[in-house]
Amino acid sequence: MKKAHRDHGVWKVAYADFVTAMMALFLCLWLTSQDQKIKDAVERAFRNPFSSVTKESVGIIASQDKSASYQQQGHFQSVSAVEMETMRHLSDDLSRLLKQDENVTSVRIDLTPEGLNINIFDRSNKPIFNPGTATFTDYGAWVFSTLAWEISRYTTFRIELEGHTESKTESGTGGHDAWDLSTERANAARRELAENGVLDKQISKVSGFADTVPMEGYLPTDESNRRVTVLLKLTESVNALSDTSGQDRPTELPNDNSSN
C-alpha cells in the first residue's frame with residue numbers, strides 16, 4: 001500500500017500569517033504615535049480612498065508660476081497629505097475630461113497649498129460669454145457643466161467663484177461697468193454649477209473683482225484677464241479657515257440660493 005504524502009509546507013502558511021500580524025501591529029503602533037491631524041487624515045483615506053499620486057503641475061494650460069505648486073516639507077503646514085492627493089486626483093480627472101475636446105485652450109488648472117485654482121478664460125477666439133453679457137455661449141456652458149459634473153463628486157471642498165475683467169471694459173456692455181459685469185459673470189457661473197450637480201452649500205463666496213486682479217505675467221489690458229476663477233478650497237487649509245472679515249475685498253455678491 002502506498003503511504004500518504006505528508007505536506008511539509010504548512011509552516012510557510014503559519015509564517016506568512018505571523019509576518020502579516022507583525023506588519024499590522026507595526027502600522028497600529030505607528031498610527032497611535034501620530035498627532036490627531038494625521039489620524040483624521042488616515043480615517044478620511046479609508047472613507048474616501050484616492051491612491052493616485054500625480055505630478056505637481058497639472059492643467060490644460062501649464063502654470064508659469066512654479067511657486068504655486070505645493071512643495072512637501074515633511075510636515076503639515078496647511079493641509080493633510082491625503083487631502084492634497086485627493087485634490088491632485090481631481091485635477092487629473094478634470095484635465096482628462098477637458099482634453100477630450102482638443103480645441104480646449106481656455107482653462108488653466110493650478111494646484112496650490114490651499115486647494116485648486118481653475119481659471120476659465122473668455123477669449124475672443126473661444127468666448128465663454130456672449131460679448132458684454134453674463135450669458136454663456138454654448139461652449140462656455142459645456143465647459144462649466146463639465147467642471148460641475150466632476151466637482152460635484154467631491155462634496156467636502158469649499159467653492160469660491162471670482163469674476164475678473166481686463167482694464168478696459170468690453171465694448172457693448174449695455175451700460176454695465178467692469179464691477180457689475182465681473183460680479184454677474186461669477187454669479188452666472190454659480191448658477192451653472194448648481195444646475196449641474198454642485199450643492200448650494202458647497203459654494204461659500206461669489207465675488208466680482210473687475211480689473212483689480214490681473215493675471216500674473218500679463219498686461220492689465222490683456223484679454224487673458226477676462227476670466228472666471230473657480231477656487232476649490234481644502235477644508236483643513238489654514239488660509240481657508242482663517243478669518244478674512246477684516247480684509248478689504250472687491251465687490252462681493254452673497255450666495256443667494258434663490259437667484260435664478
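All residue numbers in this chain count up from 1 along the given sequence.
Atom CZ of Phe144 is separated from atom CZ of Arg190 by 13.0 Å, given to the nearest 0.5 angstrom. Between the OG1 atom in Thr20 and the CG atom in Leu25 there is a gap of 12.5 Å [rounded to 0.5 Å]. Rounding to the nearest 0.5 Å gives a distance of 13.5 Å between CD1 of Ile128 and OG1 of Thr135.
Formation of a donor-acceptor pair under 3.5 Å by the Ser182 side chain with backbone atoms of Ala210 is found in this model. Listed for the Arg185 side chain is a donor-acceptor partner under 3.5 Å among the backbone atoms of Thr133. Counting only distance, with no hydrogens or angles, the side chain of Gln202 and the backbone of Tyr154 share a donor-acceptor pair below 3.5 Å. Proximity of a side-chain donor or acceptor of Arg227 to a complementary backbone N or O of Asn225 within less than 3.5 Å is detected. Side-chain N or O atoms of Ser91 include none that pairs as donor or acceptor with a backbone N or O of Met87 at under 3.5 Å.
Ring orientation note: the planes of Phe129 and Phe136 are close to parallel, at an angle under 30° on the 30°/60° scale.
Pro127 is linked by a side-chain contact (heavy atoms from CB on, under 4.5 Å) to Asp122, Thr137, counting only residues two or more places apart in sequence or in another chain. Residues satisfying the salt bridge (Lys or Arg N to Asp or Glu O under 4.0 Å) criterion with Asp211, sequence neighbours excluded, are absent altogether. Under the rule for a salt bridge (Lys or Arg N to Asp or Glu O under 4.0 Å), the partners of Glu223 that lie at least two apart in sequence or sit in another chain are Arg226. Checked against side-chain contact (heavy atoms from CB on, under 4.5 Å), Leu219 has the following partners two or more places apart in sequence or in another chain: Thr221. For Glu192, the side-chain hydrogen bond (donor to acceptor under 3.5 Å, both in side chains) test picks out Asn196, with sequence neighbours left out. Here Thr229 pairs with Asn119 under the side-chain hydrogen bond (donor to acceptor under 3.5 Å, both in side chains) rule; sequence neighbours left out.
Around atom CG of Asp17, more than 12 heavy atoms belonging to other residues, nucleotides or ligands sit under 6.0 Å away.
Side chains of Ser204 and Arg158: a donor-acceptor N/O pair is present below 3.5 angstrom, by distance only. Side chains of Ser224 and Asp222: a donor on one and an acceptor on the other come within 3.5 Å.
Pairing each heavy atom of Leu161 with each of Ala186, the nearest pair is CD1-O, 3.8 Å. Shown here for Ala194 and Asp200, the closest heavy-atom pair between the two residues is CB-OD1, 3.6 Å. Looking at every heavy atom in both residues, Ile203 comes nearest to Val206 through CG2-CG2, 4.1 Å. Taking every heavy atom of both residues into account, Leu181 and Ala134 meet most closely at CD1-N, 4.4 Å. Between Tyr139 and Ser106, the closest heavy-atom pair is OH-OG, 2.7 Å.
A single hydrophobic cluster is not seen to contain both Leu231 and Leu147; linkage of ILVMFWY side chains at heavy-atom distances under 4.5 Å, directly or through other members, places them apart. In the hydrophobic clustering of ILVMFWY residues, with side-chain heavy atoms under 4.5 Å counting as a link, Phe157 and Leu199 come out apart.
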